[in-house]
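Working notes for the structure below.
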Amino acid sequence: MNWLNRLIHIKTVKYVSLTLLILFWAFHYYVEKEYFSAILIVASSILLVVIRKKALVTIIVPVLFGLMFYTPIEDALTKISSTTVNAFSNPSTTLYNLFKPNSGREILSWEIQWVNSIIDDRNLTDYQLSPKLFSDLFVHQRIVETAWPVKLETDSKYVFIFTEEIAFYSGCELIDQKMEIAYVDCH
Amino acid sequence: MLTAINAFKLAFIILLGGLFFFGQGWIIVGTFTSRLHSITPKNRITEVIPLAIICGLIVNYAIALIVRTLSIGMIVGGVIAVAGLGVYIWQISKNLISFECDRSKWVHLAGIGFISVLFLGPILFEPLQEWDARSIWFFHGKMIYSAGTIGKQAGWLHPSVVFSHIDYPNLVPTIAAQIMTISGYWNEFLPKLSIFFMLIPAMFWLLSFERKSFSYFFLVATLLFGFYPWLWNGYMDGILALYISIAVLLLGRYIATGNVIDIISSVSCLCILPYLKNEGIPAALLGCSVVFVTATLKQKPRFSIQGTLKKWNLLLVGLIGILPLVLWTVYKQQWDIHNGLGIGSAESLQHILARIQDGSTKIILSQTFSVIEGSLFLLSLIVIALLCWKIPTGKEYLPALVVACLYCLGMILIYYLTPLDLVLHLETSIDRTMIPVNGCLFVVGYYILFTIERWFSKEKPKAVIKSTNG
């Protein structure tokens, strides 16, 4: 009953706080139905108390488990390896992208890329978005930041609209269109 | 051939940027070199390098805010950097400073180089994707770059950019704009190099804790890789968390060793916080309060708060440290830019009272717990070992624990007073606003693990003696 003697020797406050700590986590993970975590905390605690010979490995192993399962370290290492392998397997494209004007826009949705291509190709000095396009935050914010320093102005004559809104722009000339987005000139 | 030229260009920009910030910082750090040299153990003298780079980052931002025009600011900064490098070379040639590069120092530098190369991949070889990175931080960089100024002409008051939180500080956006000014065009890859420059001093400090031990592995694993993806994706939250964590980490070492370089480095880490995010201002105030209490409690004859305040040159450095904050606040006042959260207003108080009554507390606390659960669990495992083995603890972990608790409470208060929809605000931000709490808890875990290891190393000889006698 050495382990019992060891338990008794722990001061009351420490014993109570230790028990509460273990019970809290065990109960929390039990309620969350994360049984592995509940077992991990209880088993580690029992091992720490019961194993007579104090060994650093008894804390290293559960902490390593914790690092693996409760932190995003594994995801970080996966990300590092994938980006580094990609960069080294295709160094010319990777480095070319770094020093190419406007590179990286291809990750944006086609609407934003198309609006930007119109703005660039036609050297627009400003533009306007129809109320429906403006209300779409995903499109609106991305267009504003990619088109900058060409600015979104409420009185611009160059307007990007949804094709379904074309009736509201009867006085404007349809210049270009791609799928449901259109570009009209309202001069 | 083009690939080789591009590789050379990248290496050149990194080297140039490193020297640019180091030189600007050395003007300040070099002034105190003789003092630093007298109070810093020789084998840790390389720790003045990250100190110089951090100072350089702040000086560079201060110059950009004073001069406002980006190109002129870069020229002024360049001249100061050259002068700083000149001072550095002169001090080396006159033996006023010396760096003993033994084997461990080379291992330390090789470690920094290795992790830097590892970090270049996710930082630089992926374009800007995340929402805030595009809509706020690097959009600000693009605005500064396009206008060639950080002043009003950058377009802060244009009605189309109201979504971009224009009151936020612009340290990283300014560096991004400077890098792209050298390149001559904007793209979605190279501006992220600014993040890399921000991480270099942190890596120096973190690797200065190098020991062949599990606690050191825990420290590096958690602080360099445990903030994923917030350290590389263009958000400032990860960098903020990293510097708060390193500040309390260095403060812990100051408690253990009493080396003044650690408390100076800790304060410099805190100085950078207000220039990363608005949350950095309360975080820096909180950190400085903890530094003040620590320094007062551990006052040494050669370093005292009263003595420090009497030194005009230290006060001057302190003023330079807060100069960008003062300037940006003045500009915001002049341009009538306000924070969207309305902190301190009568409405915010009403929000707090309403949320206390409407059951929001449960939502806030449960969301907070879900974010810090991992670090709390790890810490609990370590604390259980400490309690089971009845190991006496030191005081090194206390600053980290205090900052973690108070910062967590501060962020909870922010969620109480937010004028935005609480659930939406929590869902879109809590997983990153609580990273500093995780970081500080990791530091607490590191120091407790360190205590356990130290206890084991002291116990073993006794055990050997016992067994020999037995």
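We name chains A, B, ... by the order of the sequence lines, and we start the count at 1 in each one.
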Hey, which of [options] has the most heavy atom pairs under 4.5 Å with chain B?
options: A/T154, A/T94, A/N86, A/V85; value: A/T94
options: A/I60, A/T93, A/T71, A/L108; value: A/I60
options: A/F24, A/F65, A/F138; value: A/F138

Based on non-hydrogen pairs under 4.5 Å, which of [options] is most in contact with chain A?
options: B/W131, B/W232, B/F217; value: B/W131
options: B/L128, B/V161, B/L378; value: B/L378
options: B/F163, B/F442, B/F125; value: B/F163
options: B/F189, B/F139, B/F377; value: B/F377

How long is the straight-line distance from CD of A/Q141 back to CD1 of B/I136, given to the nearest 0.5 Å? 8.5 Å
Between OG on residue A/S156 and CG on residue A/D126, distance to nearest 0.5 Å: 3.5 Å
Contact part of [X] toward chain A, heavy-atom cut-off under 4.5 Å: side chain, backbone, both or neither?
X: B/Y185; value: side chain
X: B/F214; value: side chain
X: B/L2; value: side chain
X: B/I13; value: side chain

Near [X] [atom1], under 6.0 Å, is it more than 12 heavy atoms from other residues, nucleotides or ligands?
X: A/F168; atom1: CZ; result: no
X: A/E74; atom1: CD; result: no
X: A/F69; atom1: CZ; result: yes
X: A/Y96; atom1: OH; result: no

Between the side chains of B/E126 and A/K79, is the shortest nitrogen-to-carboxylate-oxygen separation below 4.0 Å, so that they form an ion pair? yes
If you measure from the Lys or Arg side-chain nitrogens to the Asp or Glu carboxylate oxygens, is any gap between A/K132 and A/E165 under 4.0 Å? no
With a 4.5 angstrom heavy-atom cut-off, which part of [X] approaches chain B: side chain, backbone, both or neither?
X: A/L21; answer: side chain
X: A/T146; answer: both
X: A/W148; answer: both
X: A/S44; answer: side chain

Aromatic rings B/F8 and B/F12: how do their planes relate, parallel, tilted or perpendicular, breaks at 30° and 60°? parallel
What are the two closest heavy atoms between A/I41 and A/A26, and how far apart are they? CG2-N, 4.0 Å
